[in-house]
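These notes concern the structure reproduced below.
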Amino acid sequence: MRIATWNVNSIRARTERVGWWLDEHQPDVIAVQETRCTPAQVPGALFADRGYQVVAHGVGSRGGVALASRVGLVDVTLGIPGAVHPLDLPVSISATCGDLRIHTAYAPNGRKVGTEPHRVKLAWFALFAAWMTIDGVTDRPTVVAGDLNIAPTDLDVWDPARYRKRNLTSRPERDAFAALLETGLVDVVRAHHGDTRLSSWWNRRGDFYESDRGWRLDHILTDPTTAKRVRTAVIDRRERGVARSSDHAPCYIDIDPAEAGVSSAR
DNA sequence: ATGGTAGCTGGGCTA
């Protein structure tokens with residue numbers, strides 16, 4: 001089972017690249033962030049022609065998420081149940097795909113430490129973590145995949161000292177990320193790459209990609225039992241270097257089948 | 001510390 005996540009920075013501008021990538025990498029489920037369109041504007045044939053069901057959430061030209069699956073797509077929840085302004089953001093989708101509970105999110109960017117958008121970002125993380133607990137992340141095979149807009153450690157920033165107190169890398173954001181993990185989730189991409197520096201996003205401006213000045217903002221987390229079944233975890237940085245592609249690289253994991261007779265419930 | 005680009009939108013904002 002292959003689960004992918006990709007911030008495409010406009011699904012309409014990226015239809016050709018996403019189609020190529022789906023054909024090449026054949027994910028069973030793909031979580032998409034920054035669709036930058038309404039659910040009705042998501043190009044349906046992109047997914048339907050390849051056998052995927054798709055559900056989307058978002059309000060228009062900014063943000064927006066989608067979840068596409070060819071192994072089933074049921075029990076869908078858009079956003080976080082019960083969230084109220086300013087935390088009722090259309091930035092997450094939860095659904096059951098085959099035997100996996102999948103959550104995708106495009107976390108608020110936060111813009112700048114100390115601002116109102118940054119406070120909303122931190123509060124949204126607390127609420128999202130609570131939603132993960134309520135939905136039972138440790139009770140069934142679960143994957144959380146998306147652009148969480150946090151570089152969780154110094155290994156996830158090209159120049160940690162330069163950005164230590166800045167948006168994406170600040171202490172409060174890293175605490176928020178750690179609190180999300182404390183609901184019972186494992187950062188399986190980091191777990192598969194040891195202490196190597198990793199990036200999933202490179203600023204389009206200047207030569208950030210060419211000089212490998214990037215940040216790891218896109219994440220795939222699983223419950224501990226599923227984490228043991230993860231065979232590979234890949235950040236497809238090559239795709240970031242292709243003409244007319246997104247500023248984020250696609251990421252995916254391959255999950256081995258559960259052993260017969262071994263329950264994943266704990 | 002600043003500037004650089006891309007996308008949506010039809011000027012400026014967000015990332």
Side-chain angles (χ1 to χ4, degrees), chain A residues 5-21 31-43 46 56-66 85-92 104-125 128 145-152 156-170 172-174 176-177 198-219 235-251:
Chain A
T5 184
W6 193 5
N7 178 323
V8 298
N9 190 12
S10 173
I11 189 76
R12 291 177 293 178
R14 219 64 63 202
T15 301
E16 187 178 334
R17 283 313 310 164
V18 173
W20 181 90
W21 198 88
V32 178
Q33 303 84 39
E34 275 208 274
T35 52
R36 302 190 70 170
C37 64
T38 65
Q41 292 171 319
V42 171
L46 169 64
H57 195 29
V59 287
S61 60
R62 284 202 291 273
V65 287
H85 183 80
L87 302 182
D88 55 342
L89 303 166
V91 299
S92 68
T104 184
Y106 175 48
N109 175 283
R111 300 191 60 184
K112 189 171 168 54
V113 172
T115 64
E116 178 67 11
H118 205 265
R119 287 188 285 275
V120 169
K121 176 183 191 174
L122 295 174
W124 179 88
F125 263 92
F128 186 71
D147 176 359
L148 300 184
N149 266 319
I150 294 175
D156 305 311
V157 194
W158 69 275
D159 187 346
R162 182 190 183 103
Y163 293 99
R164 196 164 305 283
K165 297 184 177 184
R166 303 271 285 273
N167 189 41
L168 309 177
T169 55
S170 72
E173 287 164 271
R174 288 180 170 176
F177 190 92
L198 296 171
S199 298
S200 67
W201 174 74
W202 295 261
N203 198 319
R204 276 197 202 276
R205 293 170 281 195
D207 63 343
F208 279 85
Y209 177 73
E210 290 74 11
S211 56
D212 195 20
R213 293 181 286 164
W215 285 251
R216 187 171 70 107
L217 307 179
D218 302 273
H219 299 287
I235 301 176
D236 182 13
R237 57 187 295 146
R238 184 177 59 173
E239 172 63 27
R240 171 61 180 79
V242 170
R244 289 178 298 282
S245 196
S246 173
D247 46 351
H248 292 253
C251 310

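Below, chain A is the first sequence line, B the second, and so on; all start at residue 1.
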Self-check item: Distance-only polar pair, side chains of Asp218(A) and Asn7(A), donor-acceptor under 3.5 Å
Solution: no
Exercise. State whether a side-chain donor-acceptor pair under 3.5 Å links Trp21(A) with Asp236(A).
Key: yes
Distance in angstrom units between [X] [atom1] and [N] [atom2], rounded:
X         : N       : atom1 : atom2 : value
His248(A) : dA6(B)  : NE2   : C1'   : 12 Å
Tyr209(A) : dA15(B) : OH    : P     : 24 Å
Arg14(A)  : dC8(B)  : CZ    : P     : 8 Å
Glu116(A) : dT14(B) : CD    : P     : 14 Å
Lys112(A) : dT14(B) : NZ    : P     : 14 Å
Arg111(A) : dT14(B) : CZ    : P     : 4 Å
Asp147(A) : dT14(B) : CG    : P     : 17 Å
His118(A) : dA15(B) : NE2   : P     : 12 Å

Quiz item: Between Ala13(A) and Tyr106(A), which is nearer to the 5' end of DNA chain B once each is assigned its nearest nucleotide?
Solution: Ala13(A)
Quiz prompt | Earlier contact from the 5' end, DNA chain B, for Arg244(A) and Pro108(A) | solution = Arg244(A)
When you compare [N] with [M], how far apart are their [atom1] atoms, in angstrom units rounded to a whole number?
N       : M      : atom1 : value
dG4(B)  : dC8(B) : P     : 22 Å
dA15(B) : dG3(B) : C1'   : 15 Å
dT2(B)  : dA6(B) : P     : 23 Å

Practice problem: State plainly whether the residues Glu34(A) and Arg62(A) are in salt-bridge range, i.e. N to O under 4.0 Å. | Solution: no
Which heavy atom in [X] sits nearest to a heavy atom in [Y], and how many Å separate them?
X         : Y         : answer
Ser92(A)  : Val65(A)  : N-CG2, 3.9 Å
Ala145(A) : Thr104(A) : O-OG1, 2.8 Å
Val59(A)  : Thr38(A)  : O-CG2, 3.7 Å

Quiz item: Under 4.0 angstrom, heavy atoms only, what part of the nucleic acid is Arg62(A) near: base, sugar-phosphate, or nothing?
Solution: sugar-phosphate
Quiz prompt | N/O (side chain, Ser10(A)) to phosphate O (OP1/OP2, dA6(B)) under 4.0 Å | solution = no
Could you pull out the protein-nucleic contacts involving nucleotides 3-5 of chain B (nitrogen or oxygen on both sides, under 3.5 Å)?
residue	atom	partner	partner atom	Å
dG4(B)	O6	Arg205(A)	NH1	3.1

Self-check item: salt bridge (charged side-chain N to carboxylate O under 4.0 Å, His left out) partners of residues 110-124 of chain A, not counting sequence neighbours, each pair once
Solution: Glu116(A)-Arg119(A), Lys121(A)-Glu173(A)
